[in-house]
Amino acid sequence: MNPIFTPIILIGVLIVVTLIVILIDKLLGGGGESTITVNKDNVISVSGRDTALNALTANKIFLPSSCGGKATCGTCKFRLVDWHEAPKPTELPFLNKTEIEEGVRLSCQVTVTGDMSIEVPPSVLNVKPFYGKVVEVEQLTHDIRRVKFEMNEDFPFKPGQYLQIEVPGIETSRAYSIASDPKDLRHPEVIIRLVPGGVATSFVHKAMMVGDKLKITGPFGDFFLQETSNRPIIMIAGGSGKAPIRSIIYKLIDQEMPRKATYFFGARTKKDLYYTKEFKDIEKMYPNFRYIPALSTPLPEDDWDLDIGLITEVVARHTDDLSGHEAYLCGSPGMIDACIKVLKDKGMPEEHIYFDKF
Ligand SMILES: Cc1cc2nc3c(=O)[nH]c(=O)nc-3n(C[C@H](O)[C@H](O)[C@H](O)COP(=O)(O)OP(=O)(O)OC[C@H]3O[C@@H](n4cnc5c(N)ncnc54)[C@H](O)[C@@H]3O)c2cc1C
Ligand code: FES
């Protein structure tokens with residue numbers, strides 16, 4: 001063959017291969033325009049093949065995403081309407097049978113490959129980005145810090161809800177329950193426990209300074225005080241789970257503590273306790289309120305003469321029939337599951353038990 005034809009043949013082959021690649025990409029929906037119809041009436045345009053979570057964020061619809069899309073938090077759920085694609089194995093730990101049947105998915109695990117229709121909780125459409133300047137940092141225990149922000153505008157939240165903080169430089173966000181008085185919408189506070197090696201908590205505990213400006217989104221969450229109820233309340237928390245309960249208690253104080261409220265807080269040793277005086281002082285002021293801190297493994301030097309035991313044992317000891325009560329729980333998944341069992345054994349209906357696990 002005449003050598004002059006070799007480059008021409010090569011260029012021809014390259015063009016054909018490129019066209020095939022473009023065709024395959026188009027067939028898979030890549031690079032093209034798709035639409036996502038949100039809650040039946042809001043239609044947004046999406047180009048390329050991004051995850052639904054990212055596509056929604058780019059269009060200012062902020063689903064919660066407290067692991068930054070790694071499929072480890074399960075907070076970014078939405079419902080795919082008329083779209084039959086089985087959830088990925090990464091999603092299964094976060095979806096129950098009913099959710100799978102109804103088309104609920106983790107939006108960070110769904111790729112937009114064509115037009116789709118979705119349902120999100122209406123409250124999510126009120127979520128927007130804010131900026132918060134760090135105005136106070138307080139070390140509460142050896143591994144827990146309180147951080148107070150001054151927001152660029154009022155941050156409207158219900159007591160119990162959470163916000164997301166974006167870690168500067170890596171644009172990944174983490175969820176933190178709001179720990180402060182819901183009356184002060186300009187200055188939300190969070191309580192953050194250091195997770196060794198954790199991206200966000202290492203930043204907060206080791207690098208963040210007063211004066212830093214952070215990107216914050218919210219408010220998120222369906223764990224909040226049921227303000228129209230008049231049932232007596234049981235609250236149970238461990239570790240940084242004290243955060244949303246503190247906000248709920250501030251709200252009850254604003255209402256002059258109209259309902260009986262008993263708050264159990266579990267820690268391992270005395271060095272893991274915080275705000276004991278704050279809650280004991282509230283107890284002195286409001287006869288309807290009781291604060292019961294308990295240590296599971298007190299040290300001899302703790303000199304602890306109050307409740308000892310797992311928080312489930314302590315709750316079981318201090319309560320009788322709970323069929324007319326409601327409960328707010330916040331702590332590790334294991335603690336919450338064990339507490340729900342105790343409360344149900346004492347007659348509390350499951351639908352009156354509200355919780356956030358983290
Ligand atoms: C709704 C909600 C509310 C939350 N509220 C609070 C709050 O008020 N205060 C608070 O401190 N945290 C809260 N969290 C947890 C928080 O969002 C982060 O997950 C946590 O701070 C760890 O973030 P990180 O970036 O430091 O760790 P990552 O970098 O995400 O994780 C580092 C490693 O630690 C592991 N890890 C992550 N979290 C924990 C944990 N809690 N215990 C043990 N190992 C862990 C991970 O699996 C990973 O291997 C909340 C979470 C949710 C979903
Ligand atoms: S963002 Fe955490 S599971 Fe999707």
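Whatever order the structure lists ligands and atoms in, that order sets their numbers, starting from 1. Since we're looking at a predicted model, the values are computed, not measured.
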Give every donor-acceptor pair under 3.5 Å between a side-chain atom in residues 127-141 and any protein atom, sequence neighbours left out.
{"residue": "K128", "atom": "NZ", "partner": "E153", "partner atom": "OE1", "Å": "3.1"}
{"residue": "K128", "atom": "NZ", "partner": "E153", "partner atom": "OE2", "Å": "3.2"}
{"residue": "E136", "atom": "OE1", "partner": "R146", "partner atom": "NH1", "Å": "3.2"}
{"residue": "E136", "atom": "OE1", "partner": "R146", "partner atom": "NH2", "Å": "2.7"}
{"residue": "E138", "atom": "OE1", "partner": "R146", "partner atom": "NE", "Å": "2.7"}
{"residue": "E138", "atom": "OE1", "partner": "R146", "partner atom": "NH2", "Å": "3.1"}
{"residue": "Q139", "atom": "OE1", "partner": "R145", "partner atom": "NE", "Å": "2.8"}
{"residue": "Q139", "atom": "NE2", "partner": "T141", "partner atom": "O", "Å": "3.0"}
{"residue": "T141", "atom": "OG1", "partner": "D143", "partner atom": "N", "Å": "3.1"}
{"residue": "T141", "atom": "OG1", "partner": "D143", "partner atom": "OD1", "Å": "3.1"}
{"residue": "T141", "atom": "OG1", "partner": "I144", "partner atom": "N", "Å": "3.1"}

Donor-acceptor contacts under 3.5 Å from residues 284-296 side chains, at least two apart:
{"residue": "N288", "atom": "ND2", "partner": "M257", "partner atom": "O", "Å": "3.0"}
{"residue": "Y291", "atom": "OH", "partner": "K242", "partner atom": "NZ", "Å": "2.7"}

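Protein N/O/S atoms closer than 2.8 Å to atom 4 (Fe) of ligand 2: C76 SG, C108 SG.
Here is the list of ligand 1 atoms found below 4.0 Å of a heavy atom in S66: 53 (C). Close approach of ligand 1 to I192 is summarised as follows: ligand atoms under 4.0 Å from at least one heavy atom of the residue are 11 (O).
At a 3.5 angstrom cut-off on N or O pairs, R193 counts as close to ligand 1. Residue contacts with ligand 1: Y176 is placed with a nitrogen or oxygen under 3.5 Å of a nitrogen or oxygen of the ligand (distance criterion only). In terms of polar-atom proximity, defined here as any N/O pair under 3.5 Å, T201 does make such a contact with ligand 1. Considering backbone and side-chain N/O of P196, none are found under 3.5 Å from N/O of ligand 1.
I191 O, 2.8 Å is the protein heavy atom nearest to atom 9 (N) of ligand 1. At the top of the distance list for atom 6 (C) of ligand 1, counting protein heavy atoms only, stands F358 CE1, 3.2 Å. Protein heavy atom in closest approach to atom 10 (C) of ligand 1: S240 OG, 3.3 Å. For atom 27 (O) of ligand 1, the closest non-hydrogen atom of the protein is G198 CA, 3.3 Å. When only non-hydrogen protein atoms are considered, atom 8 (O) of ligand 1 lies nearest to S177 N, 3.1 Å. Of the protein's heavy atoms, A175 O, 3.9 Å lies nearest to atom 15 (C) of ligand 1.
D272 and T269 share a donor-acceptor pair across their side chains, judged by distance under 3.5 Å alone. For S177 and Q161, the side-chain atoms include no donor-acceptor pair closer than 3.5 Å.
Contact annotation for atom 2 (C) of ligand 1: protein present (non-hydrogen atoms, distance under 4.0 Å). At a distance under 4.0 Å, no protein heavy atom can be found next to atom 47 (O) of ligand 1. Under the 4.0 angstrom criterion, atom 52 (C) of ligand 1 counts as having a protein heavy-atom contact.
The closest donor-acceptor contact from the side chain of R174 to the backbone of A200 lies at 3.5 Å or more, if one exists at all. Counting only distance, with no hydrogens or angles, the side chain of Q255 and the backbone of L252 share no donor-acceptor pair below 3.5 Å. S247 places no side-chain N or O within donor-acceptor distance of the main-chain N or O of D181, the cut-off being under 3.5 Å. For K77 (side chain) and P64 (main-chain N/O), no donor-acceptor pair under 3.5 Å exists by modelled atom type. Side-chain atoms of Y176 do not come within 3.5 Å of backbone N or O of A243 as any donor-acceptor pair.
Proximity of A200 to ligand 1, defined as any heavy-atom pair under 4.0 Å, is shared by backbone and side chain alike. Only the side chain of Y162 comes within 4.0 Å of ligand 1, counting heavy atoms alone; its backbone N, CA, C and O stay farther away.
Outside the 6.0 Å centre-distance limit, the rings of F223 and F355 are not counted as a close aromatic pair.
Around CG of D321, the count of heavy atoms belonging to other residues, nucleotides or ligands within 6.0 Å exceeds 12.
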Please assess D337 against K357 for the test salt bridge (charged side-chain N to carboxylate O under 4.0 Å, His left out), listing each intermediate value before the final yes or no. CA-CA 9 Å; D337 290 344; K357 296 177 179 178; 2.8 Å; yes

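With a 4.5 Å cut-off on side-chain heavy atoms, I100 and E102 do not count as touching.
Ranked by closest heavy atom to atom 30 (O) of ligand 1, the top entry among K357, H205, R174 is R174. Here the shortest heavy-atom distance to atom 34 (O) of ligand 1, taken over V195, T75, V199, I144, belongs to V195.
Residues passing the ring-ring contact (aromatic ring centres under 6.0 Å, His included) test with Y328, sequence neighbours excluded: Y354.
A ring pair (Phe, Tyr, Trp, His ring centres under 6.0 Å) with F220 is found for one member of F62, F157, Y162 and no other, namely Y162.
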